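Structure in structure tokens, see below.
Note on naming: letters A, B, ... go to the chains in the order of the sequence lines (proteins, then strands), and numbering restarts at 1 for each one. For the numbers below, each heavy atom of this structure counts, side chains included, while hydrogens, waters and symmetry mates do not. Please read all numbers here as calculations on a predicted model, not as lab measurements.
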Amino acid sequence: MKNRQVRVRFAPSPTGPLHIGGVRTALYNYLFAKKLGGVNILRIEDTDQTRFVPGAESYIIDALTWLGIKFDEGVHVGGNYGPYRQSDRKEIYKEYVDQLLNNGWAYIAFDTPEELDVLRKKHEAQKKTFQYDSSSRGQLRNSLTLSKEEVNALMNSGQHYVVRFKMPENIEVKVNDLIRGEVVVSSNLLDDKVLFKSDGMPTYHLANIVDDHLMKISHVIRGEEWLPSAPLHVMLYKAFGWEDTMPQFAHLPLLLKPDGNGKLSKRDGDRLGFPVFPMEWFDPKTTLISSGYRESGYFPEAVINFLALLGWNPGTEKELYSMSELIQDFSIERISKSGAKFDLEKAKWFNHEYLIHKDNKVLAEAFNLQLSKMKIRAKFSFLVSLCGVLKDRCILVHDFWKEGYFFFLPPDEYDPAVIKKKWKAETPQLLINLADFLQTIEPFDEPTINSAVNVYLEEKQIGMGQIMNAWRLVLVGSNAGPAMAQIAALLGKEETIRRIEVGIATIK
RNA sequence: GGUCCGUUCGUCUAGUGGCCCAGGACGUCAGGUUUUCAUCCUGAAGAUCAGGGGUUCGACUCCCCUACGGACUACCA
């Protein structure tokens, strides 16, 4: 098993949009594969036809593509171990169930879900737990209790049946987990899981093991919610005689809600007002829209960086990581054992870091996209300069509008608090004089305006406090925004003077 | 209820027996820079290492118990 090629898979089921915890699982698989020169596979686990959601599969692919998580094999890229969608592999599983049935590792069971439900309720009423296992299978309707003739008769009569795994008694099942070490469970506590459903589809457990084996998966990196079923999976490898090539397991810690405890869920996003999905998702059933990081103005690099550090760290103080740096430094040994609470503040900080280091042209393009949705047109070169001026104060791409709307819309009202504090009797005249002076400045750019105005104020013996806030008020409408010279330069001479005139005429 | 996993500042975490009366980052607070706001810079507060027992000359680090939290417990994945 040494020197086996690293082959990992990310195997979501298309029951809805990929949620941020799933993204992290996909990311860790990708980083691990690339680090070791291995192969990253995208397999779609759609054995439950009742939960299939149209659009979910393409959403998963688009989201991972947006984030820069690439696959070497998978539904969308093909490969030598396909098909990569379990519904397309339906025929394959039959042969393997038969193998188990033939060598006594599985049996046929006729109990209906309703019958079992009644049994569960009955046991519950007595504060006991019903389990379909070695203790109960002798009293139920299955090929272990029925005669061969009865079984055949039932099957021929079209009676629905499932195939269950026959969990052996009294053995210790050991799961060697790369993150948690050895986990030991007694087989007596494990139940006879359904491997093959009455609808002719395998369950997750069967399909998963067969596919991992057939696709030569070397490492299974998945969420901690799978740890309880790992012993069953180990037993399945044993039953098939595939112990030698059984993959190594690594169960990742869960992503927790920001407040309180518990697994992060779709609900939390709505409740706390932050996205739990990489991209916006339109639910065809409820017609509700869930927000996404992409549409909220986050950069994929920031989302990746933030997620990578949630449950893993390099052991150094380095926090800003590009994807290729992550690949270089990633290791399973440094994944932590305990769940990590999702902290939006930290995510924002990462985004800000990425935003301020982005080229102004890239930012301008993103901003332009937002503006065009608002039906606002602007010269690209103007947007590039504007982004340069505003980027320090922005966290998300959306903030460019919040921080710079007044470059597009003249003030329609003036902050009363600023008027009260900074608008004196002599202010209008001072502004008129300033406007006259601005008229003479050439070129009307930031450094020129800045030094010219400074000299002008000094010559006229006007204090900064006497005029700057009032000037800002007429240009912006409040006391916010970047330096005055920057605002004036971007607004242009004509508009700057016009706003001064309008302000004087409006403010009493 | 049962099984399994986990537990270091509010949050993410460093720490693999002495370097730790515990380090970094986010957040918070204070000061500085700035004509405003933000950025930025400096600093501060913030964890009796869940609690209790051991082992050891010495424990955040090893062992046991307890508490708390979580996951799982479907013909869902």
May I ask you to say what A:G262 touches in the nucleic acid, namely base, sugar-phosphate or nothing, with a heavy-atom cut-off under 4.0 Å?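 Touches sugar-phosphate only.
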Taking the side chain from A:T25 and the backbone from A:G223, do they hold a donor-acceptor pair closer than 3.5 Å?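 No.
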Any-strand Watson-Crick or G-U partner of B:C68, both distances under 3.5 Å: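 WC or wobble partner is B:G6.
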Report yes if some heavy atom in the side chain of A:L326 is under 4.5 Å from a heavy atom in the side chain of A:W312; otherwise report no.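 A side-chain contact exists here, since the closest heavy-atom pair is under 4.5 Å.
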Looking only at side-chain N and O atoms, does A:Y93 offer a donor or acceptor that is under 3.5 Å from a partner on A:D211?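 Yes, because at least one side-chain N or O of A:D211 sits under 3.5 Å from a partner of the opposite role on A:Y93.
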B:G24 and B:A47: how far apart are their P atoms, nearest whole angstrom?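 Straight-line distance between the two P atoms is 15 Å.
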Calculate the interatomic distance between A:E45 atom CD and B:A77 atom C1'; express it in whole Å.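 In whole Å, B:A77 C1' and A:E45 CD are 7 Å from each other.
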Please give, in whole Å, the distance from B:G10 P to A:L256 CG?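 Distance, rounded to whole Å: 16 Å.
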Tell me whether the rings of A:W105 and A:F165 are parallel (<30°), tilted (30 to 60°) or perpendicular (>60°).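 Parallel.
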Under 4.0 Å, counting only non-hydrogen atoms across every strand here, what does A:K127 touch: a base, just sugar-phosphate, or nothing?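 Result for A:K127 = nothing.
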Atom CD of A:Q131 and atom P of B:A74: how far apart are they, to the nearest Å?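 Answer to the nearest Å: 8 Å.
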Using a heavy-atom cut-off of under 4.0 Å over every strand shown, decide if A:A340 touches base, sugar-phosphate, or nothing.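 The residue A:A340 makes sugar-phosphate contact but no base contact.
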Determine the Euclidean distance between corresponding P atoms of B:U13 and B:C21; express it in Å to zero decimal places.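 Each nucleotide's P atom is 24 Å from the other's.
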I want to check one thing: is the phosphate of B:U13, taken as OP1 and OP2, less than 4.0 Å away from some side-chain N or O of A:K341?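 Answer is no, no contact under 4.0 Å.
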Look through every strand shown and name the nucleotide pairing with B:G43 as Watson-Crick or G-U wobble, where both distances are under 3.5 Å.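 When the pairing criteria are applied, B:C29 turns out to be the nucleotide that pairs with B:G43.
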Rounded to the Å, how far apart are A:Q126 CD and B:G2 C1'?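 So the two atoms are 16 Å apart, to the nearest Å.
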Both distances under 3.5 Å, Watson-Crick or G-U wobble: report the partner of B:U35, or none.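 Base partner found: none.
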Quantified in whole Å, what is the P atom distance between nucleotide B:G2 and nucleotide B:U16?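 Looking at atom P only, B:G2 and B:U16 are 37 Å apart.
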B:C60 and B:G51: how far apart are their P atoms, nearest whole angstrom?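 So the two P atoms sit 11 Å from each other.
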Would you mind telling me which of B:C5, B:A71, B:G1 lies closest to the side-chain atoms of A:E225?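 Of the options given, the side chain of A:E225 lies nearest B:A71.
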Whole-Å distance between B:G10 P and A:L272 CG?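 So the two atoms are 19 Å apart, to the nearest Å.
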Under 4.0 Å between any heavy atoms, over every strand shown, what does A:K128 touch: base, sugar-phosphate, or nothing? Just pick one.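 The answer is nothing, as A:K128 stays clear of every strand by at least 4.0 Å.
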Scan A:V183 against the nucleic acid and name what it touches under 4.0 Å (heavy atoms): base, sugar-phosphate only, or nothing.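 A:V183: backbone/sugar contact only, no base atoms under 4.0 Å.
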Need the pair for B:U61. Rule: Watson-Crick or G-U wobble, both distances under 3.5 Å, any strand; none if unpaired.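 Across all strands, not a single nucleotide pairs with B:U61.
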Taking only side-chain nitrogens and oxygens of A:S336, does any of them come within less than 4.0 Å of OP1 or OP2 of B:U13?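 Indeed, a polar side-chain atom of A:S336 lies that close.
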Please pick, from B:G6, B:C4, B:C40, the nucleotide with the shortest atom-to-atom distance to any side-chain atom of A:H352.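 Given the options B:G6, B:C4, B:C40, the side chain of A:H352 is closest to B:C40.
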Does some side-chain heavy atom of A:K460 sit less than 4.5 Å from a side-chain heavy atom of A:Q466?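 Of all side-chain heavy-atom pairs linking A:K460 with A:Q466, none is under 4.5 Å.
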What is the distance, to the nearest angstrom, from the CG atom on A:L254 to the P atom on B:C4?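 Spelled out: CG on A:L254 to P on B:C4 is 18 Å.
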Whichever of A:G311 and A:E317 has its nearest RNA chain B nucleotide further upstream toward 5':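 Result: A:G311.
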Which one, B:U3, B:G1, B:G27, comes nearest to the side chain of A:E345?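 Closest nucleotide among those given: B:G27.
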Please determine whether ring pair (Phe, Tyr, Trp, His ring centres under 6.0 Å) holds for the pair A:F306 and A:F342, giving the CA-CA distance in whole Å, both sets of side-chain angles, and the decisive distance to 0.1 Å. CA-CA 10 Å; A:F306 168 65; A:F342 188 89; 5.3 Å; yes
Side-chain N or O of A:R334 less than 4.0 angstrom from OP1 or OP2 on B:G15?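 A:R334 to B:G15 OP1/OP2: side-chain N or O found under 4.0 Å.
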Categorize A:A11 for me: base, sugar-phosphate, or nothing, with a 4.0 angstrom heavy-atom threshold over every strand shown.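 Touches nothing.
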Side chain of A:K346, heavy atoms from C-beta onward: which of B:U13, B:C26, B:U36 has the nearest atom to it?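 Comparing B:U13, B:C26, B:U36 against the side chain of A:K346, the answer is B:C26.
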Identify whether any heavy atom of A:P12 sits under 4.0 Å from a base atom; if not, whether one sits that close to sugar-phosphate; answer base, sugar-phosphate or nothing.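 No contact at all - A:P12 keeps every heavy atom at 4.0 Å or more from the nucleic acid.
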Is any side-chain N or O of A:R51 closer than 4.0 Å to OP1 or OP2 of B:A77?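 For B:A77, OP1/OP2 do not have a side-chain N/O of A:R51 under 4.0 Å.
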B:U55 pairs with, by Watson-Crick or G-U criteria that keep both distances under 3.5 Å: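 WC or wobble partner does not exist here.
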Relative to the ring of A:H205, is the ring of A:H233 parallel (under 30°), tilted (30 to 60°) or perpendicular (over 60°)?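 If you compare the ring of A:H233 with that of A:H205, the planes turn out tilted.
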Rounded to whole angstrom units, what separation is found between the NZ atom of A:K337 and the C1' atom of B:U8?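 After rounding, the gap between these two atoms is 14 Å.
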Which residue lies more 5' along RNA chain B, comparing A:R164 with A:C394 via nearest heavy atoms: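 Going by which nucleotide is closer to the 5' end, it is A:C394.
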Between B:C9 and B:G31, how many Å separate the two P atoms, rounded to a whole number?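 Comparing P positions in B:C9 and B:G31 gives a spacing of 29 Å.
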Is any side-chain nitrogen or oxygen of A:T47 closer than 4.0 Å to OP1 or OP2 of B:A77?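 Checking B:A77 against A:T47, a side-chain N or O does come within under 4.0 Å of OP1 or OP2.
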C1' spacing across the pair B:C26 / B:U35, given as an integer number of angstrom: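 It comes out at 31 Å once rounded to the nearest Å.
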Any A:K197 side-chain nitrogen or oxygen under 4.0 Å from OP1 or OP2 of B:A77: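 Answer is yes, contact under 4.0 Å.
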Euclidean distance for C1', B:C12 against B:G52 (whole angstrom):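 Per the computed distance, 29 Å lies between those C1' atoms.
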Across all strands shown, which nucleotide pairs with B:A74 by Watson-Crick or G-U wobble geometry, both distances under 3.5 Å?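 Pair assignment: B:A74 / none.
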Using the six-membered ring wherever Trp is involved, compare the ring planes of A:F330 and A:Y28 and label them parallel, tilted or perpendicular (cut-offs 30° and 60°).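 Tilted, since the angle between the ring planes falls between 30° and 60°.
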Considering only B:C26, B:U7, B:C72, which nucleotide approaches the side chain of A:S338 most closely?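 Among the listed nucleotides, the one closest to the side chain of A:S338 is B:U7.
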What interatomic distance, in whole Å, is found between P of B:U73 and the corresponding atom of B:C64?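 After rounding to an integer number of Å, I get 28 Å for this pair.
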Indicate, with a heavy-atom threshold strictly under 4.0 Å, whether A:D177 touches base, sugar-phosphate, or nothing.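 Here A:D177 touches no strand at all.
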Among B:C26, B:C4, B:C5, the nucleotide that comes nearest once only the side chain of A:W349 is considered: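 Out of B:C26, B:C4, B:C5, the nucleotide with an atom closest to A:W349's side chain is B:C26.
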Out of B:G23, B:U39, B:C5, which has the shortest distance to the side chain of A:R180?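 Given the options B:G23, B:U39, B:C5, the side chain of A:R180 is closest to B:C5.
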Taking only the side-chain heavy atoms of A:D48 (C-beta and beyond), determine which of B:C76, B:A71, B:U11 contains the nearest atom.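 The closest nucleotide is B:C76.
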A:F406 side chain reached by A:L491 side chain, heavy atoms, under 4.5 Å: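 Not in contact.
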To the side chain of A:N469, which of B:G15, B:U35, B:U11 is closest?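 Nucleotide nearest to A:N469's side chain: B:U35.
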